[in-house]
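Hydrogens, waters and symmetry mates are skipped; everything else that's a heavy atom, side chains included, is used. Per chain, numbering begins at 1; letters A, B, ... match sequence-line order.
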Amino acid sequence: MKITFPDGAVREYPVNTTGLEIAESISKSLAKSTLAVVFNGEPRDSARAIDTDGTLEIVTKDHPAALEIIRHDAAHIMAEAVQELFPGTQVTIGPAIENGFYYDFYRETAFTPDDLPKIEQRMRDIVARNEVITREVWERDKAIAHFNSIGETFKAEIIQDLPGTETITLYRQGKFADLCRGPHLPSTHKLGTAFKLTKLAGSYWRGDHTKAQLQRIYGTAWATQEQLDAYLKQLEEAEKRDHRKLGREMDLFHFQDEAPGSVFWHPKGWTIYQTLIAYMRRKITAAGYVEVNTPQMLDATFWQKSGHWDKYRENMFVIPDDHSHCYAMKPMSCPGNIQLYKAHQHSYRDLPIRMAEFGQVFRREASGARHGLMRVQAFTQDDAHIFCRHDQLEAEVIAMCTLMKEVYTDLGLADSLRVKFSTRPEQRIGSDEDWDRAEAALQNVCNTIGLNWTLNAGDGAFYAPKLDFVVTDAIGRDWQCGTIQVDMNLPHRLGLSYVAEDGSKQVPHMVHRAILGSLERFIGVLLEHYAGNLPLWLAPVQVVLATITDEAVSYAENLAAELRSAGVRVVMDVRNEKISYKVREHSVAKVPLIWAVGKNEMADKTVAVRRLGSQGQETESAATAVAALCEAAQLPA
RNA sequence: GCCAUCGUAGCUCAGUCGGUAGAGCAACUGAUUCGUAAUCAGUAGGUCGGGGGUUCGAUUCCUCUCGAUGGCACCA
């Protein structure tokens with residue numbers, strides 16, 4: 001048979017030569033470092049015989065496929081270690097994931113954090129034992145019977161549910177055998193030592209909270225120690241830019257037990273908040289929106305009409321009144337905005353109406369879901385609802401995407417931003433034609449706005465396809481910020497209409513849209529993205545005027561007054577401290593600019609400008625520096 | 001909501017095998033006027049998350065509860 005290598009070379013081998021033997025035929029050292037092979041694009045064990053022509057890549061540590069195999073093996077070796085240490089523990093699934101692996105176990109008693117080092121040590125023992133890893137093909141019923149007989153009922157269930165066409169393979173290493181598709185390393189020694197168990201967590205069998213509670217152990221594994229160290233270092237760095245930590249350090253906000261998931265905004269944090277709103281107000285005004293405001297607390301009957309009482313009751317804060325009825329805090333602004341639309345009769349000529357509301361909404365979140373600013377129970381959305389005719393729909397969606405992109409660009413997030421395009425779910429309302437049109441419009445938009453997007457088929461809301469704008473936080477979690485939803489439900493349900501050119505009554509389209517999404521979450525994302533070093537226009541304190549001696553105080557005060565009158569956020573630091581003390585303190589507080597003034601500056605009418613992140617300073621004429629700062633401190637146009 | 005861990009001064013953390021607690025930084029006071037990432041000295045600060053129980057005595061042990069953290073589930 002003919003084997004083609006990545007460099008184009010073709011060699012002839014007898015049928016049923018293994019990948020490892022082929023590697024050996026090239027060089028002894030290559031054979032030694034072989035972890036697996038990729039045959040015709042499919043990763044395989046190196047010990048598997050090859051019986052047809054094809055292309056072959058030898059997977060060594062540097063190969064792109066290596067890490068996944070290493071991590072998957074680490075999961076198996078961890079399972080073996082756990083079963084040796086804790087007999088009776090059942091294995092379920094243990095895949096490779098980004099940066100590592102996990103394995104879900106079923107065991108009556110809980111693992112404790114103290115168990116992790118023990119398990120890790122046993123893994124190292126298994127690696128040292130160098131157990132040979134072999135692949136076995138089993139007959140389905142026998143495999144099921146086998147796993148049931150050894151008490152591995154979860155594994156038996158997995159096999160039961162595999163499609164009949166699937167080949168059932170077991171991988172055996174030492175006394176441990178696991179159902180697995182493979183491929184795996186030739187032996188446990190090949191895993192090396194660049195791995196570490198990281199955390200203990202709970203999970204559910206098959207991700208279903210009504211099924212068995214499992215215990216998950218996470219680990220990380222790499223091809224080399226250097227890679228592992230670099231990864232651990234990166235985790236440490238990420239922790240430093242955690243918005244919860246920055247919020248404390250920069251004195252932006254805090255939480256208290258009495259108000260779970262609600263933010264106490266300190267003056268500096270509130271400045272960021274208000275600056276973002278001022279910026280958005282300017283953008284949406286230019287884009288032809290009107291701004292409105294609607295009640296935060298409405299009678300339950302209102303939410304019954306909107307459908308929220310049926311579909312969203314669990315997440316609503318409900319306030320029983322003294323009388324027979326009750327109120328609920330608004331979880332969304334849309335029904336309120338619809339009341340404003342309905343307050344007047346509309347002609348086709350009035351449309352589109354772009355109605356924006358910086359509405360504070362309240363949503364009850366499961367206790368385990370709350371997370372700093374990223375997931376709170378009371379937050380402000382930069383919400384808007386566009387009421388338009390069908391012939392206006394696509395242009396409106398494109399316009400809001402353009403706006404979305406401008407905003408994310410101004411905020412420096414355009415690069416890391418990803419779009420998820422969610423299409424019709426199985427459970428839905430509305431005609432297929434409506435869905436076709438709405439999805440086509442969004443699809444078209446994805447192709448034109450120049451952002452990275454992925455299809456999230458079947459994940460749309462039951463009433464609408466949507467585009468979700470997603471960013472990743474410092475610890476690698478994804479958060480949805482902006483969203484665009486083409487609603488085909490509420491306008492009908494709540495009886496919206498306009499009078500068309502021919503005098504007939506028509507139902508308008510309604511598009512829900514948020515650009516920043518939750519202001520709270522967005523500020524969390526911004527803080528992490530910039531590691532607290534916000535752009536000048538967003539920084540709560542834009543410049544500190546720090547005096548070197550008391551003699552310069554009135555000079556500094558004059559400069560500060562000039563800056564303040566131009567709207568620059570300036571703080572005076574005339575304390576009786578050394579300049580290096582002041583520089584350190586304001587640098588740690590991430591103030592973008594420090595202007596130091598002493599005798600020299602006062603005499604020359606200059607300022608010594610120090611920019612955050614730079615090691616030194618530059619002396620500039622005070623007039624130029626003031627003019628430049630007044631300009632640079634403004635909101636983006 | 002589920003599993004695990006945690007809750008001691010503003011922050012980071014130590015401590016008590018049960019006898020009501022300590023450090024560094026921050027704060028405050030005084031001195032120092034000092035040219036670019038920490039000047040010196042002193043002072044003050046805690047119902048050891050909250051309720052209940054065991055005990056002569058609980059911050060420490062038990063229990064309930066609230067909150068946080070990491071996952072999972074949820075996310076109209």
Within residues 480-490 of chain A, those residues having any heavy atom closer than 4.0 Å to RNA chain B are none
To the nearest angstrom, how far is A:Arg575 atom CZ from B:U36 atom P?
17 Å
Heavy atoms under 4.0 Å, any strand shown: does A:Arg216 hit a base, just sugar-phosphate, or nothing?
sugar-phosphate
Any donor-acceptor pair under 3.5 Å between the side chain of A:Arg370 and the base of B:C74?
no
Base, sugar-phosphate or nothing for A:Gly372? Non-hydrogen atoms, less than 4.0 Å.
sugar-phosphate
Donor-acceptor pair, distance only, cut-off 3.5 Å: does the side chain of A:Gln485 make one with the backbone of A:Pro465?
no
Short side-chain N/O contact to B:C75 OP1/OP2 from A:Arg364, under 4.0 Å
no
Please give, in whole Å, the distance from B:C40 P to A:Tyr581 OH?
11 Å
So what does A:Glu618 hit on the nucleic acid, given a heavy-atom distance under 4.0 Å: a base, only sugar-phosphate, or nothing?
nothing
Within less than 4.0 Å of OP1 or OP2 of B:G35, is there a side-chain N or O belonging to A:Arg610?
no
Is it true that A:Glu439 and A:Arg424 have a side-chain N and a carboxylate O under 4.0 angstrom from each other?
yes
Determine the Euclidean distance between corresponding C1' atoms of B:U16 and B:C75; express it in Å to zero decimal places.
44 Å
Distance check: side-chain N/O of A:His254 vs OP1/OP2 of B:C11, anything under 4.0 Å?
no
Under a 4.0 Å threshold between the charged nitrogen and the carboxylate oxygen, would A:Lys268 count as salt-bridged to A:Asp251?
no
Can you check the A:Leu214 CG to B:G70 C1' distance for me, whole Å?
17 Å
Distance-only donor-acceptor test, A:Asn600 side-chain atoms vs B:G35 base atoms, 3.5 Å
yes
Between B:G70, B:C34, B:A4, which nucleotide gets closest to the side-chain atoms of A:Lys199?
B:G70
Between A:Arg354 and A:Glu396, is the closest basic N to carboxylate O distance under 4.0 Å?
yes
For a quick test of reading the model: is some side-chain N or O of A:Arg477 closer than 4.0 Å to OP1 or OP2 of B:U69?
no
Identify whether the distance between the nearest side-chain nitrogen and carboxylate oxygen of A:Arg575 and A:Glu585 falls below 4.0 Å.
yes
A:Arg375 has its side chain closest, among B:C75, B:C34, B:G35, to B:C75
Would you mind reading off the distance between A:Tyr218 atom OH and B:C3 atom C1', rounded to a whole angstrom?
12 Å
Do A:Asp310 and A:Lys305 sit within salt-bridge range, that is, some charged N less than 4.0 Å from a carboxylate O?
no
Proximity to the side chain of A:Pro260 - top-ranked nucleotide from B:A4, B:A68, B:C74
B:A68
When A:Ala608 and A:Thr549 are each assigned the nearest nucleotide of RNA chain B, the 5'-most assignment goes to A:Thr549
Got a salt bridge between A:Lys466 and A:Asp468, using NZ or NE/NH1/NH2 to carboxylate O under 4.0 Å?
yes
Salt bridge between A:Arg418 and A:Asp478, side-chain N to carboxylate O under 4.0 Å?
yes
Distance between the P atoms of B:C64 and B:G22, in whole angstroms?
33 Å
C1'-based separation of B:G45 from B:A21 [nearest Å]:
13 Å
Looking at A:Lys245 and A:Glu528, does any basic side-chain N land under 4.0 Å from a carboxylate oxygen?
no
Could you measure the distance from the CG atom of A:Leu629 to the OG1 atom of A:Thr624? Nearest 0.5 Å is fine.
12.0 Å
Determine, for A:Glu157 against A:Arg206, whether the closest basic-nitrogen to carboxylate-oxygen distance falls under 4.0 angstrom.
yes
Between atom CG of A:Asp115 and atom CZ of A:Phe86, what is the distance when rounded to the nearest 0.5 Å?
4.0 Å
State whether the distance check finds a donor on one side and an acceptor on the other, under 3.5 Å, for side chain A:Tyr204 versus base B:G1.
yes
Euclidean distance, atom CZ of residue A:Phe255 to atom P of B:G7 [Å, nearest integer]:
21 Å
What parts of residues 91-113 of chain A reach RNA chain B, counting only heavy atoms under 4.0 Å away?
A:Ala110, A:Pro113
Strand RNA chain B in bracket notation, Watson-Crick/G-U under 3.5 Å with | for pairs to another chain
(((((((..((((.....[..)))).(((((.......))))).....(((((..]....))))))))))))....
Measuring from atom OH of A:Tyr106 to atom CD of A:Glu152, what distance do you get when rounded to the nearest 0.5 angstrom?
12.5 Å
With sugar-phosphate meaning primed atoms plus P, OP1 and OP2, does A:Ser587 contact a base, only sugar-phosphate, or nothing at under 4.0 Å between heavy atoms?
base
Rounded off to whole Å, could you give me the CZ-to-P distance for the A:Arg521 and B:C75 pair?
14 Å
Between B:U65 and B:A26, how many Å separate the two P atoms, rounded to a whole number?
41 Å
Base, sugar-phosphate, or nothing: which does A:Lys599 touch, judged by heavy atoms less than 4.0 Å apart?
base
Between A:Glu68 and A:Arg71, does at least one N-O distance fall below 4.0 Å, as a salt bridge requires?
no
If we take the P atom in both B:U43 and B:A58, what is their distance in whole Å?
32 Å
Could you check how far CG of A:Asp573 sits from C1' of B:U33, rounded to whole Å?
14 Å
B:G10 OP1/OP2 closer than 4.0 Å to side-chain N/O of A:Arg248
no
Between A:Ser367 and B:G1, is there a side-chain N or O to OP1/OP2 distance below 4.0 Å?
yes
Remember a base hit wins even if backbone is also touched, and classify A:His512 as base, sugar-phosphate or nothing at under 4.0 Å, heavy atoms.
nothing
I'd like the P distance from B:G15 over to B:A9, given in whole Å.
15 Å
Rounded C1' spacing from B:U54 to B:C11 in Å
35 Å
Where the side chain of A:Arg584 is concerned, which of B:U36, B:U39, B:A38 is the nearest nucleotide?
B:A38
P spacing across the pair B:U59 / B:G50, given as an integer number of angstrom
9 Å
Contact class for A:Gln256 (heavy atom, under 4.0 Å): base, sugar-phosphate, or nothing?
nothing
When the nearest nucleotide of RNA chain B is assigned to A:Arg363 and to A:Leu612 on a heavy-atom basis, which residue is associated with the more 5' position?
A:Leu612
Whole-Å distance between B:U36 P and A:Ile579 CD1?
9 Å
Looking for any heavy atom pair under 4.0 Å, which part of the strands does A:Gly616 touch: base, sugar-phosphate only, or nothing?
nothing
Any donor and acceptor pair, going by atom type alone, linking the side chain of A:Gln377 with main-chain N or O of A:Pro260 inside 3.5 Å?
yes
I'd like to know if the side chain of A:Gln83 reaches the main chain of A:Thr89, judged simply by a donor and an acceptor atom lying under 3.5 Å from each other, with no hydrogens or angles considered.
yes
Heavy atoms under 4.0 Å, any strand shown: does A:Gln617 hit a base, just sugar-phosphate, or nothing?
base
